[in-house]
Every structure is written in C-alpha cells, then in structure tokens.
Number of protein chains: 2
Amino acid sequence: MSVGIRHDDLRRRNRAMVIAAVRRAGRPSRTEIAATTGLSHSTISAISSDLIGEGILAEGKPSEAGALKRGRPQVGLGLNPEAAAVMTVVLSLNFLSVAVIDYAGQVISEEQRRLDTLTMSREALIGECVAIVRRRLEDSDIDVRSVARIALAIQGITDTEARAMLWSPITPQTDIAFADILEAEFGIPATMENDCNMMAVALRWRDPERYRDDFIAILLSHGIGMGLVLKGELFTGTHSSGGEFGHMIHRPGGALCRCGRRGCVEAYAGNYAIWRNARQLSEDTEPVADVSDAQMRALAATARERDGPEREAYRKAGEALGYGLGSLFALIDPAPVAMVGVSAAAFDLIEPALREAIAQTAGGQHSKSISFDTEPNELPLIREGCAMRALTFVDQEIFAPGVQTKAGPAAKKNVA
Amino acid sequence: MSVGIRHDDLRRRNRAMVIAAVRRAGRPSRTEIAATTGLSHSTISAISSDLIGEGILAEGKPSEAGALKRGRPQVGLGLNPEAAAVMTVVLSLNFLSVAVIDYAGQVISEEQRRLDTLTMSREALIGECVAIVRRRLEDSDIDVRSVARIALAIQGITDTEARAMLWSPITPQTDIAFADILEAEFGIPATMENDCNMMAVALRWRDPERYRDDFIAILLSHGIGMGLVLKGELFTGTHSSGGEFGHMIHRPGGALCRCGRRGCVEAYAGNYAIWRNARQLSEDTEPVADVSDAQMRALAATARERDGPEREAYRKAGEALGYGLGSLFALIDPAPVAMVGVSAAAFDLIEPALREAIAQTAGGQHSKSISFDTEPNELPLIREGCAMRALTFVDQEIFAPGVQTKAGPAAKKNVA
DNA sequence: AGTGTTTTTTCGAGGCTCGAAAAAATAGGG
DNA sequence: CCCTATTTTTTCGAGCCTCGAAAAAACACT
C-alpha cells in the first residue's frame, strides 16, 4: 500500500513546504520560513534561491514592518504573481460566475452571468460554461499559457476524484464530467468541487485561528449543504463529495424533501421548507423551485415582528438543524460552526430551537460551548475557496512535481 | 504547522515501512518488500541487514512455498518473536481479559476473570486491572523488560489521546485515566482504546481484501457501538473516540435510552431495547442493567418461531439501525458493514427492516449493494485489534523512533 | 559439471540537509 | 562620520541516504 520515500522526494516535499509557508504567511523572511518549517537556514536558503531563480518566488519588503531592529533587515519572500494564474468557475442556481486569479491570489479579471439552469439542456449548460471560460481566456490581458488550473464549484454532489458532478439541485441533468470537458476543451487541468467544501476551504484561509483543525460550514439556502474539516483535512465521502448533511433523516417518514425522500433535514430547514411551513401548507406539498432572497428576507422580517406560522417555520428549521447537528456531533464531537447563506441572516430566529434540539442529543452536554458564526453571502466564499484550492494544486503539482500528499497512484501519472 | 522533512527522517520512515511490510506479508523476501514499498533492492538490503542485526527481523523460509523456481531461492524475512512483547487488556461488562503477545503476534499467556463491574468502586476497578497485569508480568515465562506496550480496550468513550476512559456503560465511574495509571504503575507505555475501534482494526488485519479502505464495524450488544475506517484510517472524533453511532437520534423525543436521552438508535436496537419491546413494555420503561446472551438467543428463537412482539422488537431494531446507517451513509457514502456481537446472530431478524429503512435514506439508491457480515463473538476480535494496535506502536516508536505519522510537535521531543 | 535464472549484496555516484563559520546589511553610539 | 553590536543570509565541507549497475550467491535443470 503505502510507498517508501525515495531520495528525490525529499527536495520536492520541502520545496512544496516552503511554497506553502510563503502562501500562508504572506511575505515571510527566510528566517521565519526556517522557523515554521523546522528546516535549517541553509536548506531554506538553497530552496528559496532555486524558487526565485525559477520565477516562483520574488524578494520584496517583509510583511511585518518590524523594520526598526538592530541587525541586517529581513528580506520578505512573496509569491510572484506572474508565476501562474488559475480560474475559478462557480455554477449556482441561475448563476454562473468566473474569475481569473494570479499566483499571489489577486483577482485579475471576472465575469458573471445569469442563466436559467433549471430548464437548460445538458448541452446548453456545458456550452455556457465552456463559452464563459473561453471569453476569459481570450481576454487580452491574460497570457493563456499561464493559466495552470481551473477549479469549478457546483452545488450538489461531486465524485471524490473531483472529475464530475453526479447530481445537483440546480439542474435536472446528472453525471456531467465538467472537469474532463474543460480539460479536453482547453488543455488545462481542471477539478470539479463541491460548493460547501470550497466554503470550508475559504474559511480556513480567511481565519485560520478560528477555523483550524475541526469545523463545520453549513449552507442555509434553498437546499442545505455542508463542508466539513476534520483534523485539518477536508472531509469527503468515500465515493462522492459526501457530507450530505441536508439529507440525514430528521423524522422517519416526515416532510417531503426535494430529493423525493421524506423527513430529511432539508425538508424542514431549506428555504422551500421554511416557505412551505410559513404558508401553513401540508408537509406533503411539492417543494417550490425557487424562493427569492427578497422573499426569504421578508419572511424573516415577519417572523421577527409577530408570533405566527412564519416564526414557527423558523423554529422547525432550527429543530431539524439541531437534531441533525446533534447526530453529527455524536460521530465527530462538537466543533465550531459557520452558517452561510441567506437564511444565516435569520439565524436569530433559528438559534433558540437549534440549541434546544442539540441539548437533547449526544453532543448536548457541550451545547452551550458550541459557537456559531454567520455569513449571509456564500458566493464570495465559494470563489475564494476555489481559488485557494486551484492555487494549492499549482503549488504542489507544477512547482514541486511528484509529491503525493496521500499514498496514491494518481501523482505518478503526472511524473510520467 | 506541518513540518519539513529532515534528512534523518528518511531512514526512520523507510525502516518503519519495511517493518510494516513484513508484518503485513508474513514472511516476505527482500524482493517482495522492494516491490511493495517501491524502494530499491539496495535500500531494502541495507535496511533489512540493519534490522536483522538489531534482532528485530529474522531470516527463515519464505511464506509462499514458491520453492520450485529456477534461480536462487528467496529468503523469507519474519518478525523476531523475541524482539518484544505487548499486553492486551480488554475490559467489558462483568469481564476482564488479559493476554501477553509476542512481537510476531502469537499469544504467549492469557488470563480471564469475571467481576461485577457495574457495582465495583473506582479503586476496585483500577485495582483489578493493575493486579491482573501484574500477575501476567510476574509469570516466569515472560521477560518483563521485553513488554513494550499495553493496549487496553473498553466499551464506551475514550479520549482522542488514548489516555483515559471518559464514560462507559459497564461502570458508573467516569474519567479514569487507565493509560496513565498503568504507565505509572509498570513504567510501560500504555494506551486506552475504544472496543469498537479495535474491532475495526482487527477486521482490517483479518481480511484486508474485504476490509481495506472504508468499512464499518457495528457492535450489537447491550449497547450499540461503532468502529469506522475511512480512507484507510481509523476514524475518531476530534476530542473523543467518537463514532457514537448508537446515540444518533433516530426519533426525536422517542424511546428512553440508557444514556438518559430519548430516541437514540440504541434505545431501539440495544439488547435492553429489544428486550423491552419484546415484553411490550412502554418505551419510557427504565432500561434493564443486563440481558444475558442466553436470554437474547431465546428471544431470537421465539421471534423466528412465530409472529409476535419478539419479531416486532427485532423489526424495530432493524428500522432504527437502518435509519442510523442511512444517515451515516449520507455523510460518508455506503461501505461494507460487519455486524458483531450477540445480536449479530439474529441478523436474519433484523436485516429486512434494516434494508427497508436504508432504502428510505440518502444512501438508499445503493441499498442492495451494501453487504453485511456477521460475527457473533466480539471478544476475540477486540483482543486481536488491541494486539495489532500495540504491536504497530512498537514498530513505529521503538524500532523506528522519531517518525511522525501525521505532522505534530510530539515527534520533536523524541528527536531531542 | 555446466548453464541459466533469480535473489541478494556490494560499490561508487549523486543529492540532500545540517552545522559552523563567514559575509552582508543595518541601527546606535561616541 | 566611523566603529561596533546585532541579526539575517550565504557558503562550504561533512555525513547520510538512496539508486543503478555489476558482481556474487544459490539453486534447478540438463
């Protein structure tokens, strides 16, 4: 199974480590890198000299203006923005958004587009994605050859290999191998990511203090999604993107879910479920296709104003989320939670019932210590996650080739 | 965070890899090891020569009697049984069992003992464990100094550091740092493991073909426990042993569980729950302390014989397990399941309702492809797992010191 | 006994990291 | 304005480690 370490892997790994240290720290000095990586100064000096020679790193002022110190001033090492570029493609309900990002993580160019994903044909959907990527690539400011990777995120289930969308609520189409399609079309390596996983990745980069080793990002939107980081690593299912938190069963045989089953968490906490309950429709009522953000905000406003079916709908949502989280906590222990999406703005209405429900579950004893953040806008987060995901790939595969994070034959292909 | 690879780590890691290859393969030749580890013949030759010199490996006949081949015959490399020894301590309801195992994995000596764990005082419980270990250590056949590690398994919740039992159904006592106690008493490194996790470890060694990267071991006993292997690694919670599958909520506000909460899977599928339902007692009835294996077998026999409350009790158990598994599968995707424990012998009564329930959940589409094994006797499995766990520790820590499986500061201490 | 085949060991080459020492670059003080 | 203390960075030789190729070893077959 797991493979021995060959001698040349050593340099590759340590190169990757230096690049990662620079990406995390911003503009660290060689001394700082030596400290965080545990490698000697000589090694860091040798590696960074190589990397500068290859145009991957560039010298500059150090980040922390700890300027006024006695000795030789530190030289900051930063990522060379021109070393490469990546593209992010975020496909969500009725919305397609693309950005080109330089190697240092700055957005160079972007484009957004509304489209009717629910009714589009398979070909049209693929066509739109290909077309928007092509337009960005043909933008005169960008050197096509420098675009080293494309990361595409979609709401729904993707496979573990990050090649295909298996199922998505934003389209009736299934099993579209977006990653393969884009690779074939543009000759640029591409991956297909789950939107909630990208949210989690982004949170980790945004606030590594709070979101370090174990945390949960939950998307409260038309559907319910989850991104999970455990022991410092993104958690995915064994075959799919996993974490189908929204489709854990809250009440066996309960409310009708968009997925066709009954009693899922989403069937109580998704926008359509809150909407359905707020209008006092039966739990058997077919879920509506879309509820606008404005409608949801109005619903929340009414719920805050007076006790009534709207408030009760949010209570039920909180209860379902609470029991779901409780069951999750039974498996992984409690962890900080970030609530993302339009209903996160109504978290004040959700929280009481949610906490009460958690208290009834195995994670309950720590119920009070669990903390929630809210972030109403998921799109920037998803894009940021995609960007970091793509850049990390570039770091590892292009500039430190042959490194395998986990034992696996995939890396071997790249070497050949 | 993650630390660079120093030059001397290389040899350490590759030594560990060779030892692991030998432990997995039995009596592999040097050529075989080179093939499985991917290292060159020269390296394997050098490392194995070192290891033989240190008395860790020993030469012998090769395992596969591929004797009749043309060239120079292979020399088998095996673990030297006298290189070290480990002890396993399994503490379960009213039962304590200890074994001494040599470095090659053979049982040298064992002792079992009945005791009344539910009513014993904290001191008595600790005292019994210490005493039984001491007796084994003082057994004249065993060189005390060669015992390099003790692995203790208990039903219940342990901490991630594998130091303490936090809570267990077999005793009212909580937070006993067994690992620290045994270390202090005997000066031998010890770990505190969760019983179901050890079952999973054992299954992996017993049948690596079937139980490789992703599988689930479920203990159907008085309580319901789970051991989970994901992506080839034992899955534990972030703070505790995790995997409290039995206490996922099946029905909010439902049947009274032994843990004091309501609606847990265990409150429908644990022995006491099946017993309660079979006797048509209310779901609010306080769980009984123990149901003997004989009583459970009688119950199962009755259920097979005629339709009635017994059969219905097993049906409810299946339903609860099914929905629980379904929720789990929503998070991790379906995987092979091993049912272990006395009620695994009644799996024929459980399976129909279980499959039907899974079909109602997110994992449902693959419901038919999910396969179940049964193993009525959990004790040997737990002991085997403990033994392999302890031996693996010896492999890594004693004979290849300073290796860090995951990035972590702990290793730094060993280097210094 | 000789030949062919496969396994294992030997040996020199090439790389990598490390520690120590040297070099470089600046602030502060007289 | 020059010198010194201080801190960062580079240089250099030593010590390991793995690798590939070739040699040696050990047996089956003819």
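To find a chain, count down the sequence lines: A is the first, B the second, and so on, and within it residues start at 1.
As a whole-Å value, the separation of B:Glu59 CD from D:dA26 C1' is 13 Å. One interatomic measurement links the two molecules: CE of B:Met17 to C1' of D:dC17, which rounds to 15 Å at whole-angstrom precision. In this structure, CZ of A:Arg72 is placed 16 Å from P of C:dA22, rounded to the nearest angstrom. Rounded to an integer number of Å, the gap from A:Arg30 CZ to C:dA25 P is 12 Å. One can place CD1 of A:Ile33 at 13 Å from P of D:dT8, the figure rounded to the nearest angstrom. Regarding B:Ile44, its CD1 atom lies at a distance of 15 Å from the C1' atom of D:dG20, rounded to whole Å. If you measure from atom CD of A:Gln74 to atom C1' of C:dA27, you get 15 Å, rounded to the nearest angstrom. Atom pair B:Arg12:CZ and D:dC17:P shows a separation of 10 Å (rounding to whole Å applied).
Contact annotation: B:Thr31 reaches the phosphate of C:dT8 (side-chain N/O to OP1 or OP2, under 4.0 Å). Side-chain nitrogen and oxygen atoms of B:Arg70 include none within less than 4.0 Å of the OP1 or OP2 phosphate oxygen of C:dT7.
The shortest side-chain heavy-atom distance between A:Val86 and A:Ile150 does not fall under the 4.5 Å cut-off. Taking 4.5 Å as the limit, every side-chain heavy atom of B:Thr43 sits out of range of all side-chain heavy atoms of B:Val18.
Taking every heavy atom of both residues into account, B:Asp102 and B:Pro81 meet most closely at CB-O, 3.5 Å.
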Tabulate atom names and distances for all N/O pairs under 3.5 angstrom spanning the protein and nucleotides 15-17 of chain C.
unit_1 : atom_1 : unit_2  : atom_2 : d
C:dT17 : OP1    : A:Asn14 : ND2    : 2.9

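Contacts of A:Ser42 with the nucleic acid, taken as non-hydrogen atoms under 4.0 Å apart, include base atoms.
Legend: residues meeting ring pair (Phe, Tyr, Trp, His ring centres under 6.0 Å) with B:Tyr211, ordered by chain and number and at least two apart, are B:Phe215. For B:Glu161, the salt bridge (charged side-chain N to carboxylate O under 4.0 Å, His left out) test picks out no residue, with sequence neighbours left out.
A salt bridge is absent between B:Arg204 and B:Glu233: the closest approach of a Lys/Arg side-chain nitrogen to an acidic carboxylate oxygen does not fall below 4.0 angstrom. Salt bridge annotation for A:Arg27-A:Glu32: absent, with no cationic side-chain nitrogen under 4.0 angstrom from a carboxylate oxygen.
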